[in-house]
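Throughout, a chain's letter reflects where its sequence line sits, starting with A, and its residues are numbered from 1.
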Amino acid sequence: MPKKSPAPTPATRRERSLEKTFEPASFEARWYGIWEREGRFQPAGDPEAPTFVMVIPPPNVTGRLHIGHAFGRTLEDILARWKRMRGHRTLWVPGTDHAGIATQMVVERELAKEGLDRRALGREAFIERVWTWKKQQGNVILDQLRRLGCSVDWSRLRFTLDPELSEAVRTAFVRLYADGLIYQGFRVVNWCPRCGTAVSDLEVEREDTEGTIWKIRYDVPGVSSGAVVATTRPETMLGDTALAIHPEDPKTAKLRGKTAVLPIVGRTLPVIEDPVLVDKEFGTGVVKVTPAHDANDFASGQRHGLETVVVIGPDARMTDAAGEEFAGLDRFEARKKVLARLQAEGRVVSAEPHVLALGKCQRCGTVIEPYLSKQWFVKIAPLAEPAIAAVERGDVRFVPEMWTKNYFGWMREIHDWCISRQLWWGHRIPAFTCANGHVTVSEVDPTACATCGNEELAQDPDVLDTWFSSQLWPFSVFGWPKETADLKAFYPTSTLVTAWDILFFWVARMIMAGLHFTGKAPFTDVHIHGLVRDEHGQKMSKTKGNVIDPLEAIDEFGADAVRFALAIFASPGANIPLARSRIRDYRAFATKLWNAARFTIAQLDGGPKAESLEGRALRLPERWILSRLHGTATEVNRQLEAFRFDEAAQALYAFLWHELCDGYLEMSKPVLSGREGTDEDRETVRAVLDETLRDALALLHPFMPFVTEEIWEKLTDAPGTLIVAKYPLGRADRRDKDAEKAISALRAVVTRVRNFRSERAAGPTEPVELRIDPKSPEAAVISRLEDLSALLTAMGRLSALSFSSEARGGVQDVVEGVAMEMSFPKKAAGADKVAISRKLADVDEEISSVGAKLRNSQFLEKAPPEIVEKMRRRLLELEERRAAL
RNA sequence: AGGCUCGUAGCUCAGGGGGAGAGCACUACCUUGACACGGUAGGGGUCAGCGGUUCAAAUCCGCUCGAGCCUACCA
């Protein structure tokens, strides 16, 4: 519930303190609702301000949020919230993808449960079923994005099959066709017999598989030894239409100009010479040529005008052309039978194990069949060229930069893209064939053939590869090809965040399409992140049982913990190792923040605070924590500029936990409790606590939006919610080297005192007398420590503190340039649990190494003077320390 | 076959030419007035190996070994 009363008085405004226990589920949904209702996700603010625009990588519309999505979307949301707080007009466009093959397969499976088949149902009815499925199952993932806290602009939600986006697809197809960049042709393509469709090269996953390579002898009239060919797929020989040799290979020269006889079939095969197809060094030097079932053979067949004989059909069964004996057999059955025949005829010369890179369908794992068919292709080289140039010019920048090389490598050897799919769910290809066989490609359904006027038109039955529409996403979401206000205002976008596994599928194609259709690269930065793995780097899989469901994790630990864990592990270029225990660790961090806030709020309620810190004399601890706060702010912004989510998160973690909580909160207690300081000091401390916590909440908000907003509400009476607060940039005038050095020394001295107790088996409350030598190497720090006497005494639980150079037979040491001596007034010093001799050895070792450097004339001459000076000081300190020990 | 990335504490990883870091795990002590999802103190590493450049190498270069990934039409 948003606060109602305006400007409450300090006495009443914090009536509601934070609950004792931190329960993220109690407020996450409430805050998302408030942000959404208040329109915080829409671009707002100064119309002159720079924009920051992202489009979401659209997930499958019927999919569920998995941890990989959660990772990418978390990074995007961090950027969106950060930029928004920095005053950018920020827009993050959400949407979903129709995911052609994937969705169709799911629905087909559903049908199968009912004993139905899509073909039996018919195209219309089937598509109807898919839409029904989409309505039932769809958009769950969108609610899941809400749970994660994604600040996307829901008023601009898009789906790749929306009418406007479908229009964009159609326009793109027609324009590419008109430009001569889309063509139809007979080619050997990657065919999935199970899915019943062609797929692109990228959708084939190569897997090294143990197979067999057989050597088979073909008869060659006039050559007594015949020709021995090697093959891993004997069943395809039924479709051989030639043998090929290398023109410069003496081994096979005797076959030149001859004809061979195809075993089993008896067909006459010319021996052709093809230096491209044949590698002299491999196998027997003779290659069987099967133009209908191998892409290379097909190319060779084109060069030599060979016949194509299709012996394997689209269902991976042998065709009639394979001969009566084999027709109807599955390809692998046919292989066995063919081998048996060859064996019987004594033609199998050898059979040896052979590892081959077997292509499998990315969707279903079925072995891909090279299949000769008529398909639509994008002629890609002319599109790739400007896309390469754009990256070379730096118009598009990959982060981490190493991906640039991968991009260039792939783009420079890119093959034409097969875009037709023999599916029903998707964008139908806008090509119409008339009764006379002419093809008309048009943005609106034509009524007559563009070539001959024939009115009997049939639309191409195929649909487009899903990625054909995805490549248009950064501008189709804004209404392209119409020149909409959004397109003008928000295109090109700023940053794209995605995983490396779709760099070629999607990112490269968006760059090509963006440049071709809009003349502009679709984004300037591409942040490429890794994949989420388990804590040992293993892929998550149901069978391994190591899957982390982000929704379950959110239920258990809160969205903030999930987000923070993902962010802090986001090392650039690497996969991220995640385990439930790690998410739990960052819930602990949220809890820590929660408790620090409870403490702070209680203190603020305990008395008045200074209205402003400006011009107020600050004590060292206050100067220190403000310096650290602003140092952290600077660091976080710097790291986010560089997409270093991990470093930014780490800086925040370290600051909040180890400096604010472990450091300043503890230092503030003696003053706040009234044991030390004046009322004025207390007012100052309260103001510093307030300011520091506010800024820390703001800094942390992009990472942990819910808990920070919840605390912010209780802490501040400023209007508006944290999501639109100003992001702290870090003020240089708050940096204070002097205070940082002094407090650092103070903390080191306190640590040494505690360590003195613990290594001598004394309890934590055992009184200790501390003497600090004013003639310490870091003399300037000593006077600061004198100023901090009261604090030092309290933190070190000292029974006495003196500043003197007079040794008293206690235990001496030097830390951070402060020479000190400790002793127990009530207790024998006791034995040091860590042998002094070992410490001495360490110091001696370092003295000799530093000393050696300083005695090296080369070092003195060539090393930068500040390094030499540093070494001198270090040696001095080491010697002092040695004397003390 | 080519290319890329990576070998740093028990685990997972930052760092990157001048004193080896973090988180978790581990050990000891502590129910101290925000927090046991906590506090305090500590143990633990020839920074894969070999060579080179340099006054100085975990860091730059080369090679070797090991791990992972991507691309490729070797029948």
Side-chain angles (χ1 to χ4, degrees), chain A residues 18 20-22 188 201 206 213 229-233 236 244 276-279 281-290 294-300 354 356-357 370 400 402-403 405-406 409-410 413 500-501 503-504 533 535-537 557 561 568-569 571-579 581-582 584-603 644 646-647 650 653-654 661-662 665-666 669 673 750-752 754-759 761-765 797 833-834 846 849-850 853 856-864 866-868 870-871 874 878:
Chain A
L18 292 174
K20 175 132 177 68
T21 49
F22 165 62
V188 172
D201 292 348
R206 301 277 164 187
I213 186 162
V229 304
T231 181
T232 54
R233 302 201 54 198
T236 63
V276 179
L277 183 67
V278 185
D279 175 356
E281 312 305 321
F282 187 86
T284 59
V286 187
V287 178
K288 63 190 266 308
V289 186
T290 322
D294 182 282
N296 295 308
D297 291 9
F298 181 78
S300 180
H354 184 78
L356 59 156
M402 58 168 271
W403 292 107
K405 282 183 197 165
N406 276 40
W410 188 71
E413 286 185 39
W500 52 258
D501 58 342
L503 178 63
F504 305 144
R533 296 291 165 87
E535 73 241 76
H536 298 294
F557 304 115
I568 204 164
F569 289 124
S571 311
N575 289 337
I576 85 160
L578 191 71
S581 62
R582 300 186 169 190
R584 189 194 353 104
D585 295 339
Y586 294 101
R587 181 189 56 180
F589 176 57
T591 306
K592 187 76 180 173
L593 173 68
W594 183 265
N595 285 308
R598 286 179 58 221
F599 173 80
T600 301
I601 288 170
Q603 297 310 322
R644 288 306 302 263
D646 57 334
E647 293 285 345
Q650 227 144 54
Y653 183 97
C661 291
D662 294 347
L665 256 42
E666 295 306 320
K669 283 176 184 175
S673 69
V750 170
T751 296
R752 184 63 188 92
R754 289 166 175 164
N755 161 270
F756 169 69
R757 284 196 186 89
S758 101
E759 74 190 1
T765 55
R797 290 171 181 274
K833 282 200 279 184
V834 183
E846 217 184 324
S849 97
V850 175
K853 257 183 196 175
N856 181 343
S857 61
Q858 295 274 23
F859 172 73
L860 297 175
E861 251 171 62
K862 297 191 178 174
E866 64 270 22
I867 297 290
V868 177
K870 210 170 150 186
M871 288 298 159
R874 179 149 181 74
L878 283 165

Using Watson-Crick or G-U wobble pairs with both distances under 3.5 Å, give me RNA chain B in dot-bracket, 5' to 3', with [ ] for crossers and | for pairs to another strand. (((((((..((((....[..)))).(((((.......))))).....(((((..]....))))))))))))....

Assess whether one donor atom and one acceptor atom, taken from the side chain of A/Glu759 and the base of B/A28, lie less than 3.5 Å apart. no

Hey, does A/Tyr586 reach any base, or is it just sugar-phosphate, or nothing, if we go heavy atoms under 4.0 Å?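 Sugar-phosphate, backbone atoms only, no base.
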
Pick base, sugar-phosphate or nothing for A/Leu665, based on heavy-atom distances below 4.0 Å to the nucleic acid.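 Base contact - A/Leu665 has a heavy atom under 4.0 Å of at least one base atom.
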
Hey, which of these two, A/Gln603 or A/Glu647, hits RNA chain B nearer its 5' end, going by closest nucleotide? A/Glu647

Over all strands shown, is A/Glu861 touching base, sugar-phosphate only, or nothing at heavy-atom distances under 4.0 angstrom?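 No contact.
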
Name the nucleic acid region contacted by A/Ala596, choosing base, sugar-phosphate or nothing; use a 4.0 angstrom heavy-atom cut-off, strictly under.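 Counting heavy atoms under 4.0 Å across all strands, the contact made by A/Ala596 includes a base.
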
Using a 4.0 Å heavy-atom cut-off, does A/Lys669 contact any base of the nucleic acid, only the sugar-phosphate backbone, or nothing at all? base

Tell me whether the side-chain N or O atoms of A/Lys592 pair up with the base of B/C35 as donor and acceptor below 3.5 Å, since no angle test is needed here. yes

Would you indicate what A/Val276 reaches in the nucleic acid, counting non-hydrogen atoms under 4.0 angstrom: base, sugar-phosphate, or nothing?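 If one applies the 4.0 Å heavy-atom cut-off, A/Val276 turns out to touch nothing in the nucleic acid.
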
May I ask you to verify if any side-chain N or O of A/Arg587 is less than 4.0 angstrom from the OP1 or OP2 atom of B/C37? no

Quick check for you: among B/C11, B/A75, B/A34, whose closest atom lies nearest to any side-chain atom of A/His536?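 From the listed options, B/C11 comes nearest.
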
Would you mind telling me which of B/G42, B/A34, B/C24 lies closest to the side-chain atoms of A/Asn755? B/G42

Counting side-chain heavy atoms from C-beta on, which of B/A75, B/C37, B/C55 comes nearest to A/Gln858?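 Nearest to the side chain of A/Gln858 among the choices is B/C55.
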
Would the A/Tyr653 and A/Phe589 ring centres measure less than 6.0 Å apart?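 A/Tyr653 vs A/Phe589: aromatic centres under 6.0 Å.
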
At 4.0 Å (heavy atoms only), tell me whether A/Ile576 reaches a base, stays on the sugar-phosphate, or touches nothing. nothing

Tell me what A/Arg533 touches on the nucleic acid: a base, only sugar-phosphate, or nothing, going by heavy atoms under 4.0 Å.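 A/Arg533: no heavy atom of the nucleic acid under 4.0 Å.
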
Walking RNA chain B from its 5' end, the first of A/Lys853 and A/Phe569 to be reached, judged by nearest nucleotide, is A/Phe569

